[in-house]
Amino acid sequence: MREYFPLLVAGGIIGLVSTVFIIAYATVRNKKQAIGFDRNMKDGEIVRRLFAYAKPYKKQFVFVGVCMLFSIAYDILSPLLIGYIEGLVKGQFELARLFALVAVYAGILIVSLVSSYFQAMVLQRTGQKILSALREDLFTHIESLSHAQLNTIPVGKLVTRVTNDTNAISQMFTNILVNLLKNCFVIIGVLAAMLCLNYELTLMILCFVPFIVLFTIIFRKFSRMAYRKVKDGTTDINTFLSENLSGMKITQIFNREARKMDEFSAKNKKLASAKQQQILVFGIFRPLVYMLYITSVMLLLYLGAKGYIQDFTFLGQTMTSEVVVTFYMYISKFFNPIQSLAEQFNWLQSAFASAEKIFTVFDMQPQVVDEEDAEDIGEIKGDIEFRDVWFAYVPGEWVLKGVSFKVKANETVAFVGSTGSGKTTILSLICRNYDIQKGQILIDGRDIKSIKIASLRRQFGQMLQDVFLFAGTVRSNIALRSEFSDEEIMRACEYVNAAPFINKLECGLDEVVRERGNNFSAGQRQLLSFARTIIHKPSVMILDEATANIDTETEVLIQNSLEKMMNIGTMLIVAHRLSTICNADNIIVLSHGEIIEQGNHRQLIAAKGRYYRLYNLQVHREKLAAGK
């Protein structure tokens with residue numbers, strides 16, 4: 001009995017460690033709901049949806065499977081060859097036979113390395129194709145969401161979905177799944193080889209398996225919690241950066257750098273803490289599995305040393321030195337895949353968590369969609385009619401209340417009213433950025449819901465107060481990637497008075513536009529917006545506060561541009577500067593979502609109503625400003 005005392009000591013230590021971790025697991029398990037531990041989507045559903053992207057690449061995955069078999073063969077056969085070499089060295093040594101065994105070993109190794117190379121190359125290429133398809137589909141779906149839906153999702157969160165989360169899924173296809181399968185087959189193959197070689201020693205090794213399973217289950221729970229915290233922390237930081245880097249000027253204007261730094265530091269520390277927890281989990285699990293591995297090796301060497309490497313029996317079966325050598329290598333081949341298997345399984349869970357976040361975005365059904373019988377339309381005349389339109393962004397809080405009006409083709413109609421009266425909302429509804437709750441909106445006598453959204457929006461050219469320019473060049477921002485010649489672009493620029501300042505630029509149309517066009521003045525950005533609108537030849541033009549916050553000199557250019565554009569087609573204008581709409585064919589005055597007056601400038605001045613008071617107030621303010 002004394003000869004088995006080391007085995008009992010090893011078992012006692014492992015049992016004590018297991019008890020400690022079972023207690024820790026039981027303590028944390030009850031808190032999992034509070035920490036956002038579980039996912040809502042089933043693994044089977046995630047796998048089904050992910051493999052729809054992998055289906056076109058079945059041949060590549062079959063090829064990878066064949067390559068994987070050669071790698072598995074090396075892991076199973078190499079210990080046997082080393083054992084044969086040990087037996088050859090110990091027994092009747094034959095140099096020719098040694099060379100033959102070494103050549104076989106080298107051949108298997110080379111085949112395994114070549115197979116691993118092709119496996120990695122094919123997987124990486126296939127994984128990147130799958131990743132590209134997933135990203136493109138996700139971006140396309142985000143583009144299809146309505147304005148209301150996009151307003152509810154932080155930009156940083158969407159950026160995280162398209163970048164970080166898709167990268168996690170890419171790892172699943174390029175690394176995790178194949179290695180999971182490989183490790184499973186290696187474990188099964190190594191176990192079968194050990195059983196054939198010496199089943200008593202194999203049973204001794206299998207005594208460690210329950211503890212490996214136990215540690216793996218505990219590790220899975222803790223690692224999933226750590227992964228989730230890291231992902232949530234990463235999303236929080238991306239969201240914070242997206243918002244605050246865009247609003248950095250406001251932060252500097254109000255001298256809030258220190259406050260924003262404190263907020264960022266808190267989020268950064270939260271992410272660092274989550275990362276440390278993740279490292280701690282792996283820092284405990286790996287040594288535990290390594291402890292089991294070393295313990296099994298020590299017991300193997302202990303049993304082998306009992307006979308001074310001479311043949312002896314253990315539980316009735318003879319054990320030779322070549323068996324010891326072979327089992328020593330097999331133990332490594334057995335434990336390493338198990339450790340990798342546990343880690344890869346948790347990476348898989350991490351990929352599933354990312355996939356769920358992505359599919360949550362995919363599952364957001366666009367609120368503004370084409371009707372089943374919607375049709376494409378060609379050019380329109382530009383007749384617009386609102387029939388008793390009611391609309392609310394928030395249910396019950398009506399922004400428009402029974403609004404009705406008509407706009408004839410080629411007319412210029414202006415909307416006037418205080419902030420929140422519904423002016424901008426009317427323009428958004430015409431383009432179907434939102435859908436109305438009651439009433440009807442008609443274009444050339446057709447309900448806009450009977451027209452495909454893309455076809456409808458193609459008819460409109462929108463010029464907004466906050467002009468958005470993309471990073472690129474002046475040319476790309478005017479053409480928006482469409483095929484226009486330089487002559488066409490410059491003709492549009494001359495038409496809207498943008499050509500003079502463009503010609504003064506060092507690179508002309510090739511002048512670099514930085515993010516959001518911050519290397520151009522507000523007036524220059526607005527003129528580029530006009531040129532962008534004109535070159536696409538819309539049937540209806542929409543100007544929403546297009547002359548706000550612009551200097552007097554630039555306003556003269558814009559007014560001249562507006563007068564030209566009024567002759568192109570129907571024009572809808574929202575303006576606080578009433579001097580810019582005096583020539584409009586019809587002026588609609590709104591208050592609290594209702595039309596209270598309409599007519600041309602002279603008629604409304606003569607009526608001496610709300611428009612008359614607003615106009616005189618602005619004239620008075622302009623005189624005071626000029627006097628100063």
Checklist entry - How far apart are the C-alpha atoms of Asn167 and Arg135, what are their side-chain angles, what is the distance that settles it, and do they pass the side chain to side chain donor-acceptor pair (under 3.5 Å) test? => result CA-CA 10 Å; Asn167 280 332; Arg135 277 181 174 161; 3.0 Å; yes

Next on the checklist: Using salt bridge (charged side-chain N to carboxylate O under 4.0 Å, His left out), reason through Glu371 and Lys452 one step at a time and then give a plain yes or no.
Outcome noted: CA-CA 8 Å; Glu371 300 289 334; Lys452 289 186 177 180; over 6 Å; no

Checklist entry - Going through the distances and angles, do Asp510 and Thr473 end up as a side chain to side chain donor-acceptor pair (under 3.5 Å)? => result CA-CA 5 Å; Asp510 292 315; Thr473 63; 5.1 Å; no

Next on the checklist: Under the criterion ring pair (Phe, Tyr, Trp, His ring centres under 6.0 Å), I'd like the reasoning laid out for Tyr53 against Phe173: C-alpha separation, chi angles, the key distance, then a yes or no.
Outcome noted: CA-CA 10 Å; Tyr53 286 92; Phe173 285 113; 8.4 Å; no

Item to check | Stepwise salt bridge (charged side-chain N to carboxylate O under 4.0 Å, His left out) check, Glu487 with Arg491 | outcome: CA-CA 6 Å; Glu487 289 75 15; Arg491 199 156 46 240; over 6 Å; no

Next on the checklist: Run the side chain to side chain contact (heavy atoms under 4.5 Å, CB included) test on Leu617 and Tyr615 for me, step by step, so that the C-alpha distance in whole Å, both residues' side-chain angles and the decisive distance to 0.1 Å come before the verdict.
Outcome noted: CA-CA 5 Å; Leu617 181 62; Tyr615 183 78; over 6 Å; no

Checklist entry - What do the steps show when you test Leu543 against Val574 for side chain to side chain contact (heavy atoms under 4.5 Å, CB included), and what is the final call? => result CA-CA 6 Å; Leu543 282 77; Val574 167; over 6 Å; no

Item to check | Check against side chain to side chain contact (heavy atoms under 4.5 Å, CB included), Ile502 and Val474 | outcome: CA-CA 8 Å; Ile502 291 176; Val474 171; 4.2 Å; yes

Checklist entry - What do the steps show when you test Asn244 against Phe264 for side chain to side chain contact (heavy atoms under 4.5 Å, CB included), and what is the final call? => result CA-CA 10 Å; Asn244 285 277; Phe264 179 76; over 6 Å; no

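Taking a 6.0 Å sphere around CD of Glu506, one finds it holds 12 or fewer heavy atoms contributed by other residues, nucleotides or ligands. Within 6.0 Å of the CD atom in Glu379, the count of heavy atoms belonging to other residues, nucleotides or ligands does not exceed 12. The number of heavy atoms from other shown groups lying within 6.0 Å of CZ (Phe139) does not exceed 12. In this structure, Arg610 places its CZ atom where only 12 or fewer heavy-atom neighbours from other residues, nucleotides or ligands lie under 6.0 Å away. The number of heavy-atom neighbours closer than 6.0 Å to CD of Glu243, taken from other residues, nucleotides and ligands shown, is 12 or below.
In this structure, OG1 on Thr412 lies 12.5 Å from CG on Asn600, to the nearest 0.5 angstrom. To the nearest 0.5 Å, atom CD of residue Gln440 and atom CD of residue Glu385 are 8.0 Å apart. With rounding to the nearest 0.5 Å, the separation of CZ in Arg432 from CZ in Phe460 is 11.5 Å. With rounding to the nearest 0.5 angstrom, the CD1 atom of Ile426 is 9.5 Å from the CG atom of Leu572. Of the inter-residue distances, the one linking Leu527 atom CG with Ser521 atom OG reads 8.0 Å to the nearest 0.5 angstrom. Note that the CD atom of Gln124 and the OG1 atom of Thr174 stand 4.5 Å from one another [nearest 0.5 Å].
Classification of Glu45 and Arg48 as a salt-bridged pair holds, one side-chain N sitting under 4.0 Å from a carboxylate O.
Residue Ile377 comes nearest to Ser455 through the heavy atom pair N-OG, 2.8 Å, listed as atom of the first residue, atom of the second, then distance. Contact detail for Ala409 and Asp383: the closest heavy-atom pair is N-OD1, 2.6 Å. Across every non-hydrogen atom of His141 and Val361, the tightest pair is NE2-O, 3.0 Å. For Ile443 against Ile448, the heavy-atom pair with the smallest separation is CG1-CG2, 3.3 Å. When all heavy atoms of Ala355 and Leu50 are compared, the closest pair comes out as CB-CD1, 4.0 Å. Pairing each heavy atom of Val467 with each of Arg532, the nearest pair is CG1-NH2, 4.1 Å.
Listed for the Gln128 side chain is no donor-acceptor partner under 3.5 Å among the backbone atoms of Arg125. When atom types are taken as modelled, the side chain of Glu488 and the backbone of Ser485 share a donor-acceptor pair closer than 3.5 angstrom. With hydrogens and angles disregarded, no donor-acceptor distance shorter than 3.5 Å links the side chain of Asn433 to the backbone of Leu429. The backbone N or O of Cys507 sits less than 3.5 Å from a side-chain atom of Glu511, completing a donor-acceptor pair. The closest donor-acceptor contact from the side chain of Thr126 to the backbone of Leu123 lies at 3.5 Å or more, if one exists at all. A distance-only check finds a donor-acceptor pair linking the side chain of Gln437 to the backbone of Ala392 [under 3.5 Å].
In this structure, the side chains of Leu509 and Ile489 come closer than 4.5 Å at one or more pairs of heavy atoms. Looking only at side-chain heavy atoms (C-beta outward), Ile595 and Leu590 come within less than 4.5 Å of each other.
Side-chain atoms of Asn586 and Gln598 form a donor-acceptor pair, as typed in the model, at a separation below 3.5 Å. No side-chain donor from either of Thr425 and Tyr434 sits under 3.5 Å from a side-chain acceptor of the other. No hydrogens or angles considered: nothing links the side chains of Asp388 and Ser404 as a donor-acceptor pair under 3.5 Å. A donor-acceptor contact closer than 3.5 angstrom is absent between the side chains of Arg256 and Thr251. Checking Asn410 against Thr570 by side-chain atom types alone, no donor-acceptor pair falls below 3.5 Å. For the residue pair Arg161 / Asn238, no side-chain donor-acceptor distance below 3.5 Å is found, with atom types taken as modelled. Residues Ser146 and Gln149 bring a donor and an acceptor atom of their side chains to less than 3.5 Å of each other.
Aromatic pair Phe391/Phe386: ring centres not closer than 6.0 Å.
For the side chain to side chain contact (heavy atoms under 4.5 Å, CB included) with Ile587, the qualifying choice from Ile573, Leu604, Val413 is Leu604, the only one to do so. Applying salt bridge (charged side-chain N to carboxylate O under 4.0 Å, His left out) to Asp232 and the options Lys267, Lys157, Lys357 leaves one that passes, Lys357.
Note on ring orientation: taking the six-membered ring where Trp is involved, the planes of Phe362 and Phe359 are tilted (angle from 30° to 60°).
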